[in-house]
Amino acid sequence: MATTGNTGARPGMTWPQMLALAFGVVYLLVGIVGFFITGFDGFVSNRTADGNDDMLLFFMINPLHNIVHIVIGLAGIVLSRTLAGARTYGWLLAVGYGAAFVYGLIAAGKDWDFLNINAADNVLHIATAVIGLVIALGPVNNTVARPTRA
């Protein structure tokens, strides 16, 4: 039987699970692609202290930043298997990226910014934190559809 919260992507998968899976895949790919740009040198280098201008689209990156993206991506893929896991992933995104946003407000442009964050990263971090809240708190109707009598 299908649930009303299922959209057909995977049998029994709710929209928070699909969103967690999608974000997980995107962050995993961003982390992997990031290594093609940064390599493994200058693990915590940043633009201010080291002149690191490595960017993926508009976002500053370094190898540590890439690893963070890979871990977040893998967590999303693994936790998307259940609704409870997807909700947990949503809270991890909300809290983690909320903290990354605050860190970025303080650290961007400083010599000690070990994640090499810029303003575009800050916008992405707060948007991801909001999406995390949506995954964690969004309503899901888990009632089973019952056939009606004619």
Side-chain angles (χ1 to χ4, degrees), residues 3-142:
T3 62
T4 57
N6 182 15
T7 61
R10 213 166 67 183
M13 197 171 198
T14 62
W15 70 264
Q17 289 174 268
M18 288 186 289
L19 196 53
L21 178 61
F23 266 71
V25 168
V26 167
Y27 271 105
L28 176 63
L29 292 174
V30 165
I32 291 169
V33 169
F35 277 113
F36 287 99
I37 296 168
T38 65
F40 292 91
D41 294 337
F43 198 73
V44 293
S45 65
N46 72 43
R47 183 177 204 167
T48 306
D50 307 316
N52 176 6
D53 287 331
D54 292 336
M55 293 183 79
L56 178 60
L57 299 175
F58 307 105
F59 309 103
M60 299 297 297
I61 56 175
N62 64 20
L64 178 60
H65 208 145
N66 297 336
I67 288 173
V68 169
H69 287 150
I70 289 171
V71 168
I72 289 164
L74 289 172
I77 292 168
V78 169
L79 290 171
S80 71
R81 298 176 61 93
T82 65
L83 178 57
R87 300 285 197 197
T88 299
Y89 182 65
W91 282 115
L92 290 172
L93 290 179
V95 172
Y97 276 99
F101 173 73
V102 172
Y103 168 83
L105 290 176
I106 298 165
K110 304 285 194 286
D111 288 346
W112 49 269
D113 176 14
F114 59 88
L115 287 176
N116 201 24
I117 290 180
N118 65 3
D121 288 307
N122 277 343
V123 171
L124 181 64
H125 292 164
I126 195 65
T128 301
V130 169
I131 294 296
L133 285 175
V134 168
I135 293 170
L137 300 172
V140 173
N141 185 352
N142 280 333

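Because only heavy atoms are used, hydrogens play no part in the values below, and waters and symmetry mates are left out as well, while side chains stay in. All values reported here derive from a predicted model rather than from experimental measurement.
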Please determine whether side-chain contact (heavy atoms from CB on, under 4.5 Å) holds for the pair Trp15 and Leu83, giving the CA-CA distance in whole Å, both sets of side-chain angles, and the decisive distance to 0.1 Å. CA-CA 9 Å; Trp15 70 264; Leu83 178 57; over 6 Å; no
Start with the C-alpha distance between Leu92 and Ile72, add both sets of side-chain angles, then the distance that settles side-chain contact (heavy atoms from CB on, under 4.5 Å), and finish with yes or no. CA-CA 9 Å; Leu92 290 172; Ile72 289 164; over 6 Å; no
In sequence, state the C-alpha distance, the side-chain angles, and the governing distance for Gln17 and Leu21, and then conclude on side-chain contact (heavy atoms from CB on, under 4.5 Å). CA-CA 6 Å; Gln17 289 174 268; Leu21 178 61; over 6 Å; no
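- Checked against a 6.0 Å centroid threshold, the rings of Tyr27 and Tyr97 count as neighbours.
- To the nearest 0.5 Å, atoms CG (Leu79) and CZ (Phe23) are separated by 15.0 Å.
- When all heavy atoms are compared, the tightest approach of Ala129 to Gly98 is CB-N, 3.7 Å.
- For Arg87 against Ile135, the heavy-atom pair with the smallest separation is NH1-O, 2.8 Å.
- Atoms CG and CD1, on Leu28 and Ile77 in that order, are 4.5 Å from each other to the nearest 0.5 Å.
- In this structure, CD1 in Ile131 is found 9.5 Å from CG in Leu93, a value given to the nearest 0.5 Å.
- Leu105 approaches Asn122 most closely through the heavy-atom pair N-ND2, 3.7 Å.
- His65 NE2 to Ile70 CD1: the interatomic distance, rounded to the nearest 0.5 Å, is 11.5 Å.
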